[in-house]
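Data first, discussion second: the structure below is written as structure tokens.
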Amino acid sequence: MPRRPSGTGRYLMTTAGDIMHRGAQWIPAHETLDRAAQLMRELNVGALPISDENERLCGILTDRDIVVGCVAMGHDPARVTAGEMAKGTPRWIDANAEVGEVLREMREHQIRRLPVIQDKRLVGMISEADLARHLADDQIASWAGSVYARTVPG
């Protein structure tokens, strides 16, 4: 794993907070999908964490969710909310978690984006691009192989 100096002469493991993209923004659950798409365009991102009324993570909305789960189904994105698209248990990682934990979480759940939470608040997102910028080639190859692996029906 990459290391960084601690300022005390010792080295610490790299954390989620070190590699995350700062400035991630929530989309409130009550916002419509057309507004979510506009925000994605403004932020140049393909996914937004969805927050409940207490600014707690309740899901993640992707551009693919909007297209496949709404538009392709014949629904009006101006009438469907982000909260209606939230499915399952959202995955996240603490800002102080080591990169190995980040990779394990993403591998185990086969996810490509991971919100970073600190003190119960969104502080960033980790995406494939963040991993590519901060990890060694062999780490990226191992992660990609596990996340993109297709399961064979048994």
Side-chain angles (χ1 to χ4, degrees), residues 1-33 35-69 81-152:
M1 291 291 155
R3 295 178 179 266
R4 62 182 165 86
S6 67
T8 64
R10 295 184 305 217
Y11 285 85
L12 301 173
M13 295 303 286
T14 302
T15 66
D18 295 327
I19 67 169
M20 72 183 182
H21 174 80
R22 297 183 189 285
Q25 291 186 25
W26 298 109
I27 185 80
H30 64 80
E31 283 288 353
T32 58
L33 297 185
R35 176 62 190 128
Q38 293 164 2
L39 186 56
M40 286 179 188
R41 183 188 63 223
E42 290 167 18
L43 298 173
N44 193 30
V45 298
L48 294 169
I50 304 169
S51 69
D52 65 15
E53 62 277 353
N54 297 314
E55 290 194 359
R56 307 295 173 155
L57 182 66
C58 65
I60 294 183
L61 178 68
T62 67
D63 47 8
R64 186 175 194 285
D65 293 332
I66 296 170
V67 173
V68 175
T81 66
E84 290 175 76
M85 297 299 289
K87 296 180 185 99
T89 303
R91 308 308 306 178
W92 57 273
I93 196 89
D94 186 89
N96 295 317
E98 292 183 4
V99 169
E101 293 176 62
V102 171
L103 296 175
R104 191 169 31 261
E105 182 74 14
M106 294 173 90
R107 273 187 193 118
E108 287 178 9
H109 300 283
Q110 293 193 316
I111 54 177
R112 293 173 263 174
R113 298 170 181 99
L114 191 61
V116 181
I117 306 292
Q118 186 171 30
D119 298 323
K120 299 181 181 179
R121 298 288 179 228
L122 177 71
V123 293
M125 286 281 276
I126 296 175
S127 69
E128 295 165 306
D130 298 312
L131 296 178
R133 277 193 294 276
H134 295 283
L135 301 181
D137 290 345
D138 61 330
Q139 290 173 306
I140 295 167
S142 173
W143 174 83
S146 62
V147 169
Y148 289 103
R150 297 229 184 246
T151 56
V152 179

Under the side-chain contact (heavy atoms from CB on, under 4.5 Å) rule, collect the residues that match up with Arg133, sequence neighbours excluded.
-> Ala129, Asp130

For Arg64, what residues pass the side-chain contact (heavy atoms from CB on, under 4.5 Å) criterion, not counting sequence neighbours?
-> Thr62, Val68

If you round to the nearest 0.5 Å, how far is CE of Met125 from CG of Leu43?
-> 11.0 Å

Closest non-hydrogen atom pair, Ile27 against Ala82 = CG2-CB, 4.1 Å

Counterpart residues, side-chain contact (heavy atoms from CB on, under 4.5 Å), relative to Arg121 (two or more places apart) | Glu55, Arg56

Nearest heavy-atom neighbours spanning Ala16 and Val102 | CB-CG2, 3.7 Å

Distance in Å, Leu114 CG paired with Ser127 OG, rounded so as to fall on 0.5 Å steps | 10.5 Å

Kindly indicate whether the side chain of Met85, heavy atoms from C-beta on, has any atom under 4.5 Å from the side chain of Leu33.
-> yes

Please determine which of Glu101, Glu98, Met20 meets the side chain to side chain contact (heavy atoms under 4.5 Å, CB included) test together with Ile93.
-> Glu101

Carboxylate-amine/guanidinium contact Glu42 Arg35, below 4.0 Å | yes

Got a second to check how far Gln139's CD is from Leu131's CG, nearest 0.5 Å?
-> 9.5 Å

Side-chain contact test, heavy atoms from C-beta onward, threshold under 4.5 Å: evaluate it for Pro115 versus Ile60 and give yes or no.
-> yes

Does Leu57 reach the side chain of Trp26, with side-chain heavy atoms less than 4.5 Å apart?
-> yes

Return the minimal non-hydrogen interatomic distance between Ser142 and Arg107, and the atom names on each side.
-> OG-NH2, 3.1 Å

Under 3.5 Å side-chain donor-acceptor pair for Thr81 and Glu84 | yes

Taking the side chain as C-beta and beyond, is there a heavy-atom pair between Leu61 and Ile66 under 4.5 Å?
-> yes

Would you give the length of the straight line joining atom SG of Cys58 to atom CD of Glu53, rounded to the nearest 0.5 angstrom?
-> 8.5 Å

Check Val123 against Ala95 and note the closest heavy-atom contact, atom names and distance.
-> CG2-CB, 4.3 Å

Value rounded to 0.5 Å, distance of NE2 in His21 from CZ in Arg113 | 12.5 Å

If you count the non-hydrogen atoms of other residues, nucleotides and ligands that lie under 6.0 Å from CG in Asp137, is the total more than 12?
-> no

Calculate, to the nearest 0.5 Å, the distance between atoms OG1 and CD belonging to Thr15 and Gln118 respectively.
-> 9.0 Å

Between Ile126 and Val116, is a side chain to side chain contact (heavy atoms under 4.5 Å, CB included) present by the stated rule, with each step listed?
-> CA-CA 7 Å; Ile126 296 175; Val116 181; 3.6 Å; yes

Verdict with reasoning, Thr14 to Ile19, per side chain to side chain contact (heavy atoms under 4.5 Å, CB included) = CA-CA 8 Å; Thr14 302; Ile19 67 169; 3.7 Å; yes

Backbone N or O of Val99 within a donor-acceptor pair of the Arg104 side chain at under 3.5 Å?
-> no

